[in-house]
Amino acid sequence: MTNSYLLPNYARQPVEFVKGESVFLFDSNGEKYLDFTSGIGVANLGYTQPELIAALTEQAGLLWHTPNLYRNSLQEKVAAQLAGSRDMLAFFCNSGTEANEAAIKLIRKHTGKQQIITFDQSFHGRTFGSMSATGQSAVHDGFGSVVEGFVHVPFNDSHALKEAVTEETAAIFLELVQGEGGVVPADDAWLSDVVQLCRTHGLLLAVDEVQTGMGRTGKLYASDVYRIEPDIVTLAKGLGNGIPVGAMLAKRPLAASFSPGTHGSTFGGNKLALSVAAKVVDLIDSPEFLTEVERLGRFSLEYLAEGLKNCRTVTAIRGKGLMLGIEATTDIPQLIASLAEKKLLVLRAGQSVIRLLPPLVISQKELQAGLDIIIETLTKEG
Ligand SMILES: Cc1ncc(COP(=O)(O)O)c(C=O)c1O
């Protein structure tokens, strides 16, 4: 049932979801699925969240879009919400890759240098700058010359990182938990070396929180989990809960390098998107909400460790908050298909990992039900 008018750049499953409800999706045959994907880390607040629907419909009846030629108090509001107590300013765009493009431009403009260190197996997006930052050759292959200046080094390897820093280095740019690369968290000791290197050499520290941000790892940002203060943070995915919106936050001293006319986007930060983002941040950035995400994350890691302790195919269980990975020697596409047959949706990451990104509003009971399906399936197939 392929549509010959679509370019074949996605390997789509022959199932269409037509309705969502909290942490569940319903396909066109009315079958109900428990969703451990959140639309790849997007619907952190689940589907059909009433307050988001209210915010969106209210704004839809007022005004959808004004160009960035005029004041936009919704942008001002969301920028303040995202900054919180951090002295950071925001630029709004429409996607993760655009947020990273903005970061790359700001790094180059501010430092006057071109070299940016990024990491093997990282993923930063599909446009040329973000693609070039990405440390996976499969993402570059066939597209000719990449944007110059990116140096990829092994993740969690202090020696390799120190060797890579030169006079020309402008910034270190990383995911704190590599998502697409296999749900690989940064080691604490390595990250202190990263921060120290940035301090010693005057490098900017830029963190891609497109996947880890917006409560996913149990704090608003993974940088809060790791207690670091990056110069630049990029966001998208969960920021609009499904309405396309991205953001780059930058420390105040960088602001002068993004003077009027240096960068922009027609749709970036439009009123429809930002009316939803304002409500999203409101709902996620509360201690009760985030503490529960953290608790559910710990619960999941313990539950999986116990349930899979005798499963010989499982080689690692890891993650932060509700960003979880199970590494296994089993056939991963086959495993994902078996889980989907049991009405549980999960994602792949890297070659050998299933990635779980359940909506953050999931209850422990729902979470446990999904984890039980995974444990049972892996145990049987392993
Ligand atoms: C860490 C990270 N950065 C950037 C991106 C690109 O985001 P988008 O697909 O919205 O351009 C992704 C998407 O998966 C991501 O996981």
Side-chain angles (χ1 to χ4, degrees), residues 40-41 95-108 113-166 168-187 190-191 193-195 197-198 201 203-213 217 222-223 226 228 230-237 246 248 316 318-320 323 325 327 332 347-353 355:
I40 321 190
S95 65
T97 201
E98 281 174 80
N100 288 336
E101 292 291 339
I104 294 161
K105 285 179 75 175
L106 181 59
I107 290 167
R108 284 186 170 202
K113 296 179 181 177
Q114 302 232 23
Q115 194 192 83
I116 300 176
I117 298 177
T118 65
F119 297 91
D120 292 349
Q121 306 313 320
S122 60
F123 185 79
H124 299 293
R126 301 285 189 169
T127 51
F128 256 94
S130 304
M131 173 183 99
S132 307
T134 293
Q136 299 186 40
S137 54
V139 173
H140 306 163
D141 284 354
F143 295 108
S145 344
V146 290
V147 173
E148 3 180 304
F150 293 100
V151 178
H152 302 111
V153 303
F155 194 60
N156 280 332
D157 180 337
S158 293
H159 179 71
L161 180 59
K162 283 175 192 159
E163 294 278 292
V165 175
T166 71
E168 278 313 301
T169 310
I172 298 177
F173 186 27
L174 75 155
E175 294 158 90
L176 289 168
V177 182
Q178 288 191 332
E180 304 297 314
V183 191
V184 184
D187 291 341
W190 175 76
L191 195 61
D193 286 344
V194 172
V195 170
L197 266 178
C198 287
H201 295 269
L203 314 178
L204 294 175
L205 177 57
V207 175
D208 177 341
E209 295 240 24
V210 168
Q211 195 162 146
T212 56
T217 57
S223 348
Y226 281 98
I228 61 166
D231 298 294
I232 296 174
V233 171
T234 56
L235 299 168
K237 288 192 182 281
M248 174 187 65
R318 55 182 179 248
K320 297 266 181 209
M323 182 168 180
E327 188 163 340
I332 297 292
L347 297 159
R348 184 179 191 169
Q351 287 308 306
S352 55
V353 176
R355 179 174 30 152

List for me each residue that meets side-chain contact (heavy atoms from CB on, under 4.5 Å) alongside Ala222, sequence neighbours excluded, and say none if there are none.
-> Leu176, Glu209, Thr212, Thr217

Can you check whether Leu174 reaches Leu191 side chain to side chain, under 4.5 Å on heavy atoms?
-> yes

With sequence neighbours left out, what residues match Glu175 under side-chain hydrogen bond (donor to acceptor under 3.5 Å, both in side chains)?
-> none

Quick check: does any side chain N or O of Glu168 sit under 3.5 Å from a backbone N or O of Gln115, one acting as donor and the other as acceptor?
-> no

Non-neighbouring partners of Lys113 that pass side-chain hydrogen bond (donor to acceptor under 3.5 Å, both in side chains), sequence neighbours left out = none

For Arg126, enumerate each residue passing the side-chain contact (heavy atoms from CB on, under 4.5 Å) test, keeping only those at least two apart in sequence or located in another chain.
-> Phe123, Val139

Which pairs with one or both residues in residues 146-160 pass side-chain hydrogen bond (donor to acceptor under 3.5 Å, both in side chains), sequence neighbours excluded?
-> Thr118-His152, Ser158-Asp193

Qualifying residues under ring-ring contact (aromatic ring centres under 6.0 Å, His included), relative to Phe119, sequence neighbours excluded | Phe155, Trp190

So which pairs with a foot in residues 130-146 pass salt bridge (charged side-chain N to carboxylate O under 4.0 Å, His left out), sequence neighbours left out?
-> none

Without swapping roles, check the side chain of Asp120 against the backbone of Gly135 for a donor-acceptor pair under 3.5 Å.
-> no

From Asp231 CG over to Cys198 SG, what is the distance, rounded to the nearest 0.5 angstrom?
-> 7.5 Å

When you measure from the side chain of Arg318 to the backbone N and O of Gly182, does any donor-acceptor pair fall under 3.5 Å?
-> yes

Any chance you could measure Glu98, atom CD, to Glu101, atom CD, to the nearest 0.5 Å?
-> 8.5 Å

Is any side-chain heavy atom of Val147 closer than 4.5 Å to a side-chain heavy atom of Ile104?
-> no

What one should report as the nearest heavy-atom pair of Lys320 and Pro185 is CE-CB, 4.0 Å

Rounded to the nearest 0.5 Å, what's the gap from CD1 on Ile107 to CG on Leu205? Could you check?
-> 9.5 Å

Mark yes or no for whether Thr134, through its side chain, and Gln136, through its backbone, hold a donor-acceptor pair below 3.5 Å.
-> no

Do any N or O atoms from the side chain of Gln351 and from the backbone of Ile332 form a donor-acceptor pair under 3.5 angstrom?
-> no

Using the salt bridge (charged side-chain N to carboxylate O under 4.0 Å, His left out) rule, collect all pairs that involve residues 177-187, keeping only residues at least two apart or in two chains.
-> Glu180-Arg355

Would you please name every residue forming a side-chain contact (heavy atoms from CB on, under 4.5 Å) with His201, sequence neighbours left out?
-> Val165, Leu197, Leu203

Write down the atom of Gly96, the atom of Ala236, and the distance for their closest heavy-atom approach.
-> N-CB, 3.3 Å

All heavy atoms of Val183 vs all of Gly319, minimum pair found to be CG1-CA, 4.2 Å

Between Phe128 and Ser145, the two heavy atoms sitting closest are CE2-O, 3.5 Å

Heavy-atom closest pair (Tyr226 atom, Ala186 atom, distance to 0.1 Å) is OH-O, 2.7 Å

Just wondering, do Phe173 and Asn100 contact through their side chains at under 4.5 Å, heavy atoms?
-> yes

Report yes if some heavy atom in the side chain of Val207 is under 4.5 Å from a heavy atom in the side chain of Ile228; otherwise report no.
-> yes

Minimum-distance pair of heavy atoms, taken over all atoms of Val353 and Gly325 | CG1-CA, 3.9 Å

Of all residues at least two apart in sequence or in a different chain, which pass the salt bridge (Lys or Arg N to Asp or Glu O under 4.0 Å) check with Arg108?
-> none

What distance do Ile172 atom CD1 and Leu204 atom CG have between them, rounded to the nearest 0.5 Å?
-> 10.0 Å

Reported CD-to-OG distance for the pair Gln121 and Ser137, which is rounded to 0.5 angstrom = 8.0 Å

The side-chain hydrogen bond (donor to acceptor under 3.5 Å, both in side chains) partners of Thr97 (sequence neighbours excluded) come to Thr127, Ser130

Go through the structure and list residues passing side-chain hydrogen bond (donor to acceptor under 3.5 Å, both in side chains) with Ser352, not counting sequence neighbours.
-> none

